[in-house]
Amino acid sequence: MTPSSTRIPTLGVPTGSAANKWSGLRCHTAEFLRHVRRRWYLYLPVAAIWGLAYTRLYIDPTPRLPVLFNWTGSLPYRVALVHYGPHRLKRGDYIVYSFAGEAQATYPGLRGQPFFKQVRGLPGDVVTVEERAVAVNGEVVGIAKSQAFDRRPLEPIAANVIPPGHYYVQGTGPDSFDSRYRSSGLVRADQVIATVTPLF
C-alpha cells in the first residue's frame, strides 16, 4: 500500500448522508431565523409571555409590574396602577398581596399568587360571624359561601380581633375568595406588595 492510497479518517466532520442531514438542518435553521427577523412583531409578544411565565414559575410567582390587569370578578376594575414601596394602609385602600392562606395546601397553585382586594378591616377591628354573614366592627361586609367552585366546603373566618400587622381584605363580588374564608384568612403586612389605584 502506497502512502497516497492511505485514507486518513477525519474526526468530527460528517460525511455522506450525515453531511446532507447536517446541511439540511443548517438551512432550515437559517430560514427560520430569517422568518423570525421579518416577523419579529409577532414573536416578541410570545417571547414576553413565555418569559413572564418562566419568571413566575422559577423565580418569583408574584410579578412586579407597573400596571395590573384584573380578569376576575372580585372587584369591578379591570386596569389599575400599582405603587410599590412602604405601605401605610387605610380602610378602603386597594392592595396587591402575595397569597399565603391555608388553601395553598389544597391548591398549590395559589402559593404566592398576586391577589387584588380592598382593605376592609384594620388592626384592632372586631370581626364577627353570624351564620355565614361576616361583619367588621358590626358592619356586615360579606356573606361566606358554603362551598368552592369544585364543591369543596368553605368555612367562614373565625370571629376575632384583628391582631397588629394584619388586615381583613375583601372583594366586592360574591365569588371573591378573600378574608371572609378561613382558608384565605387575614393578610399579614409582609404579604402586601403594593397599593393600587384603580383606573377603570
Side-chain angles (χ1 to χ4, degrees), residues 56 60-66 68-199:
R56 294 185 68 176
D60 185 353
T62 311
R64 272 62 172 174
L65 301 174
L68 179 147
F69 299 96
N70 177 37
W71 307 112
T72 72
S74 294
L75 291 168
Y77 306 106
R78 293 292 170 257
V79 181
L81 292 178
V82 182
H83 311 285
Y84 300 99
H87 320 288
R88 285 194 59 146
L89 299 182
K90 306 181 301 297
R91 198 183 315 279
D93 281 350
Y94 293 94
I95 64 169
V96 175
Y97 65 94
S98 176
F99 187 84
E102 294 175 6
Q104 63 187 346
T106 307
Y107 307 99
L110 289 177
R111 182 174 290 110
Q113 289 300 308
F115 274 42
F116 174 35
K117 306 293 180 188
Q118 185 179 32
V119 175
R120 300 297 300 271
L122 300 172
D125 287 350
V126 178
V127 177
T128 55
V129 181
E130 186 174 340
E131 294 184 354
R132 303 194 76 84
V134 181
V136 175
N137 292 339
E139 178 188 352
V140 174
V141 292
I143 307 297
K145 294 169 56 175
S146 60
Q147 58 187 16
F149 68 94
D150 59 0
R151 302 192 180 280
R152 296 191 188 196
L154 285 171
E155 293 298 324
I157 189 171
N160 67 87
V161 175
I162 301 176
H166 290 71
Y167 301 93
Y168 179 101
V169 301
Q170 193 171 309
T172 56
D175 295 325
S176 175
F177 184 57
D178 48 40
S179 292
R180 76 186 90 177
Y181 299 104
R182 189 184 306 252
S183 54
S184 179
L186 300 174
V187 172
R188 300 187 315 271
D190 62 0
Q191 290 174 246
V192 179
I193 298 166
T195 55
V196 176
T197 301
L199 296 179

Evaluate the criterion side-chain contact (heavy atoms from CB on, under 4.5 Å) for residue pair Y77 and L199; output intermediate values, then yes/no.
CA-CA 7 Å; Y77 306 106; L199 296 179; over 6 Å; no
Begin with the C-alpha distance, continue with both residues' side-chain angles, and end with the deciding distance and a verdict on side-chain contact (heavy atoms from CB on, under 4.5 Å) for L186 and I157.
CA-CA 9 Å; L186 300 174; I157 189 171; 4.0 Å; yes
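For the residue pair S98 and I193, the shortest heavy atom distance occurs at N-CD1, 3.8 Å. Listed here is the closest heavy atom pair of P156 and R132: CD-NH2, 3.6 Å. Looking at every heavy atom in both residues, S176 comes nearest to Y181 through O-CE1, 3.5 Å. The shortest heavy-atom contact between Y84 and A194 is CD2-CB, 3.7 Å. Closest non-hydrogen pair, V196 versus I95, comes out as CG2-C, 4.0 Å. Scanning all heavy atoms of the two residues, the minimum distance from A133 to V140 falls at CB-CG1, 4.4 Å.
Judged as a salt bridge (charged side-chain N to carboxylate O under 4.0 Å, His left out), not a single pair has a partner in residues 99-110 (not counting sequence neighbours). Screening residues 137-156 for ring pair (Phe, Tyr, Trp, His ring centres under 6.0 Å), with sequence neighbours left out, gives no hits. Legend: ring pair (Phe, Tyr, Trp, His ring centres under 6.0 Å) pairs involving residues 108-139, not counting sequence neighbours, sorted by first then second residue: Y97-F115, F99-F115.
Residues satisfying the side-chain hydrogen bond (donor to acceptor under 3.5 Å, both in side chains) test with Y168, not counting sequence neighbours, are Q170. In this structure T197 satisfies the side-chain hydrogen bond (donor to acceptor under 3.5 Å, both in side chains) test together with H83, sequence neighbours excluded. Under the rule for a salt bridge (charged side-chain N to carboxylate O under 4.0 Å, His left out), R182 has no partner lying at least two apart in sequence or in another chain. Partners of A189 according to the side chain to side chain contact (heavy atoms under 4.5 Å, CB included) rule, which considers only residues two or more places apart in sequence or in another chain, are Y167. When the side chain to side chain contact (heavy atoms under 4.5 Å, CB included) test is applied to A159, no partner is found at least two apart in sequence or on another chain. Among residues two or more places apart in sequence or in another chain, the side-chain hydrogen bond (donor to acceptor under 3.5 Å, both in side chains) test is passed with R91 by D125. For the salt bridge (charged side-chain N to carboxylate O under 4.0 Å, His left out) test, residues two or more places apart in sequence or in another chain that qualify with R188 are D190. For R78, there are no salt bridge (charged side-chain N to carboxylate O under 4.0 Å, His left out) partners, not counting sequence neighbours. Legend: residues meeting side-chain hydrogen bond (donor to acceptor under 3.5 Å, both in side chains) with R180, ordered by chain and number and at least two apart, are D178.
Counting heavy atoms from C-beta on, the side chains of I162 and L122 never come closer than 4.5 Å.
Within 6.0 Å of CD in Q147 there are more than 12 heavy atoms belonging to other residues, nucleotides or ligands.
Separation of atoms OG (S183) and CG (L110) is listed at 9.0 Å; rounding is to 0.5 Å.
Side chain of T172 to backbone of S74: a donor-acceptor contact under 3.5 angstrom is found.
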